[in-house]
Amino acid sequence: MSRGDHAKVLCITKEREALLDLKQGLIDEYNMLSSWKNEECCSWRGVKCSNTTGHILALNLHGGIDNDSNIVTLTGNISSSLVKLQYLKYLDLSFNDFGGRIPKFIGYLKRLETLNLSGSYFTGPIPPQLQNLTYLRALDLRSNSLIFMSLEWLSHLVYLEYLDLSASNVQEKNWLQEIIKLPNLRELHLSSCQLPIIDPSSPVSANISSSSLSILDISYNQYSSHAINSWLFNFTSLNSLALSGSNLGQISTGFGYLKSLEHLNLYVGGIEGEIPKSFENLSRLRSLDASSNNLSQPFSELLDILSGSNRSLEFLSFEGNALTGSLINLTRFSSLRELRLRDNLLNGIFHESVRQISSLEYLDLSNNQMTGPLPDLALFPSLKELHLRSNHFKGMIPQGLGQLSKLKILDVSFNRLQGLPESLGQLFDLESFDAPYNLLEGTISESHLSNLCNLKSLDLSSNSLTWNVSLDWIPCFQLQVIRLSSCNLGPLFPKWLQTQNSYSILDLSLNSISDTMPSWFPKSPSTLYSLNLSYNQISGKIHDLSANNALMVIDFGYNNFSGPLPRFPKLVSELRVDNNQFSGSLNSICTLRSPTTLDLSENLLSGEIPDCGTPMSGLMVLNVANNNISGSIPYSLCSSTSLLSALYVRNNNLSGQFPASLKNCQGLKVLDLGRNTLSGKIPEWIGTKLAYLGILSLRFNKLSGSIPLSICQLQSIQILDLSVNHLSGGIPQCFSNFTTMELLQDGSSVKYDFNPYTPHVGTLYHGNAFVQWKNKESEYHNTLWLLKTIDLSSNKLVGDIPKDFSRMNALLSLNLSRNNLTGNIIEGIGLMKMLESLDLSRNHLSGKIPIGLTNLTFLSVLDLSNNNFSGRIPSSTQLQGFDSSTYFGNIQLCGPPLQECPTFAPPNPHVGYDRTSQENDDEFSSKEFYISMALGFIVAFFGFLGSLLFNDSWRNAYFKWLNGCSMLHFEYPLLWPIISSTT
């Protein structure tokens, strides 16, 4: 704030007292008015006096952000003593927290020329007294909750040049008519005002052409092209127009009438189709932002349309559209400084005709489909930022890169580039270099990096590079982001990291480091936020890391760390130390204040899951699988507000009853307690308290009793595994309530990726499940959401298979083997067309194999062995393609791939044959059938032979015919004497 030179000027006592009264009514929590003490009020913060009269001319008490990036505001009441400052010309009370109505007495400060009350939480209608401020030149009332029933009062402010009512509720239907009455208005902001639509037949349009308005912002009022066509394009003096957040549809050709336009903002304008050719008339256009629309024309055509402004255009953004083609003819835009084309459908190459574009400073082609090699980057000598992320560029990064002496940011991530040029080391101003997920090969040497003293961010992850610097190398840069995953940094821990004092992100995963953790590492920078050392062979103990209060993400997974779990920083939200050799208790996790992900699986940890006293309400994932955890699950793990979504405790030593503490974990989607020694019954509340479960695995425990009916309320269940327990009773008839097992309309399923919401560095936790799938136990991760399986095998279940199982037509695997089930295979089995694996072996099922099984074209695993099935195996490529072991142990079953069914065999009296049942179509079991067959043969044979014996003419004709058939070598010496003797 300007205080002026007040050494010889004392403030006027009356005005000083008015300021003190104002201070008295305010709550100054941030000491903004701490200087308001001495006699000389003209030296107080925010106060400016006249150098000649001493009257206070300006009062600036705006809140906001101070020099230390802290938010500072005043609250309380604005005293009416402010009216005593009758010479006040400038009043700024913006961005405080006053609330309530705008005080009426502000309208009596008749000399005011600037009034700024923006962002101070004022509400309600405007006091009519504001029309008394006839000398007002600038009025800013934006970002409050004000209501404007009428704007007629504005007509009194004849000197008004600047008006901002943004984020208000303007209900005046004739708002435009009142606005154009202001003869000196130059700048108008009515963004997010819910502006009424102007009647196209209104005569107001005729008066617009005389307006001197040059800056107009009517963004975020959801105007369509039809709503603005009748009046907007009459503002021919406009040089800046903002229509962001509109619903324009096909963009109007009327923009061509705004020939004075220099700045046009159509961001999120709801534009469809193409930019019209009338834009050729905008010869003064300097900036055009049409980002986040649905423009779908070739980029080269778009440039032709904008050629009228080829000398003036400085900023061009079409991010987030559907533009096609490639970069071509940019050279003609001689003033272009920024070109933003990310998130389009550009699919060409850098055209060979590209020539030097000396003015371009910012180029962003990220997230397109551009191909081919990069051009000679020396053609862009002024570039400061180059973003080429997520395209299909290939080949070497050109040596011309070194000539971009002003380049600060280079991002070529997610392409197919193959090598780093030595000239990289010439980019002295480079601050950020990102090239992960390419095909980069070769060596990173000191020559690439030694001159990059301004470098702050380096990401070369997931390439085939080899880091090769001397052990005592000391880089000149101080990195803030270090991402060097898969850069072959090993086998030793990189010593040069010891020289880096300000990094916040460090990723050295997948680097074949087989060293121990260096003693200096726990003294890592206090700014360290995310640390990833996973997938190495780092061994030994981890030192105490609790001193680093900024550290929030730690991933030490897949190493050889041993010893007890160290003390971690209290603010850690994601902790992954899985697949190591840690031993001892889990007690150190209780020091964490608000973890979201804890993965301690695949270690040698023992003891119980600790009762930390207060619930970990923010915990989303807890994985302690494959350890030696004993006891039960503490009640403190969950509360009524718990976010716990996934709990993995499989392959441990949990004992006792099913954990009653889980009743409070009502947000669980995954519960895996498999391979423990839990006993007792599955509780009835499992279907009501854990209603969101998608994966439930209780396999390999000692659970007994029947399957509770409430389990059918798990409508989202996709994987249900109760195998290898002591469960008895029947299978609930209500399994068909598992709606996720039916085909969804969109064919999608729930994904088990859990987002820890850690800003910038948080990573999704991919859920997993250990599933018996196609006769093989496997752990599934990325494809987990596709699996839909039920496994009730190896229990003591009895009764029939419920008929409604056929409704689960999205089920992929069903295993009911090794139980005591009876009855038949359900007739509707053919409706379960997605089945890939079906195991009903080792039960007491009987009857025929239903023909519907032949409809299961995806079936690749089938086991019906050791049951009492009978009859012929239905003929189909599918069922005959299985090995005979599929049907082994069913004595009455026949047909390929088993032995052929006996055509004349008597009925088989063995096990499973029911003499009272209706006869099988493939068996002949009655004596009458065989008697009829014998009689038929006798009648036919002797009927023919008798005709020859007793009819001379037939007999002679027949043997003459035989003699004439030279091709028939029929011999009848035995029969002829018999026949001849009768003649």
Side-chain angles (χ1 to χ4, degrees), residues 707 709 712 720 729-743 788-793 797-882 886-898 901 908 911-923 925:
I707 300 174
L709 292 179
C712 298
L720 176 62
I731 300 174
Q733 298 289 328
C734 55
F735 267 30
S736 56
N737 290 349
F738 298 153
T739 54
T740 310
M741 299 294 189
E742 301 178 13
L743 285 177
K788 296 181 180 181
T789 72
I790 294 178
D791 191 344
L792 306 179
S793 62
L797 300 174
V798 297
D800 294 347
I801 300 173
K803 293 181 179 180
D804 281 352
F805 263 43
S806 61
R807 292 173 55 185
M808 295 188 287
N809 52 0
L811 192 66
L812 300 180
S813 175
L814 176 62
N815 191 345
L816 303 178
S817 64
R818 294 174 172 80
N819 281 286
N820 296 314
L821 299 175
T822 55
N824 301 331
I825 299 178
I826 56 174
E827 286 296 329
I829 190 74
L831 299 176
M832 304 173 71
K833 293 187 177 181
M834 300 303 293
L835 268 183
E836 297 182 28
S837 178
L838 175 63
D839 191 346
L840 303 177
S841 64
R842 297 184 182 277
N843 280 285
H844 304 296
L845 299 170
S846 58
K848 296 187 296 182
I849 295 176
I851 192 70
L853 268 180
T854 62
N855 296 331
L856 306 183
T857 55
F858 293 111
L859 198 63
S860 58
V861 173
L862 175 65
D863 193 347
L864 304 179
S865 64
N866 295 289
N867 279 284
N868 298 321
F869 295 120
S870 59
R872 177 185 290 275
I873 298 172
S875 297
S876 74
T877 304
Q878 193 77 7
L879 297 186
Q880 270 67 47
F882 292 110
T886 297
Y887 309 101
F888 178 79
N890 293 281
I891 300 175
Q892 282 189 273
L893 205 57
C894 62
L898 300 179
C901 293
N908 193 332
V911 178
Y913 178 71
D914 186 354
R915 294 181 179 275
T916 64
S917 65
Q918 190 176 8
E919 300 303 325
N920 191 304
D921 291 341
D922 295 324
E923 296 180 356
S925 54

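Worth saying up front: this structure is predicted, and the values here are computed from it rather than measured. Basis for what follows: all heavy atoms, side chains included, without hydrogens, waters or symmetry-related copies.
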Task: Residue that, paired with F805, satisfies side-chain contact (heavy atoms from CB on, under 4.5 Å) out of L831, I829, L814 - done: L814
TODO: Grab the two heavy atoms, one from M832 and one from I826, that are nearest each other, plus how far apart they are.
DONE: SD-CD1, 4.5 Å
- [ ] Please check if the side chain of N843 supplies one atom and the backbone of N819 the other of a donor-acceptor pair under 3.5 Å.
- [x] yes
Open item on the list: Tell me every residue that passes side-chain hydrogen bond (donor to acceptor under 3.5 Å, both in side chains) with D791, counting only those two or more places apart in sequence or in another chain.
Closed with: S793
TODO: Just grab all the side-chain hydrogen bond (donor to acceptor under 3.5 Å, both in side chains) pairs involving residues 829-838, residues at least two apart or on different chains.
DONE: K774-E836
Open item on the list: Please give me the minimum heavy-atom distance between F882 and S860, naming the atom from each residue.
Closed with: CE2-O, 3.5 Å
- [ ] Apply the side-chain contact (heavy atoms from CB on, under 4.5 Å) test between L879 and each candidate in T854, L856, I851; give the one that qualifies.
- [x] T854
TODO: For Q878 and L853, indicate whether the former's side chain and the latter's backbone hold a donor-acceptor pair under 3.5 Å.
DONE: no
- [ ] Please report the shortest heavy-atom distance between K788 and E742, naming the atom on each side.
- [x] NZ-O, 4.2 Å
Task: Heavy-atom pair of closest approach, residues P874 and P850 - done: CG-O, 3.9 Å
- [ ] Please confirm whether the backbone N or O of N867 pairs with a side-chain atom of N890, one donor and one acceptor, at under 3.5 Å?
- [x] yes
Open item on the list: Looking at L862, is its backbone amide N or carbonyl O close enough to the side chain of T886 to form a donor-acceptor pair, meaning the two atoms are under 3.5 Å apart?
Closed with: yes
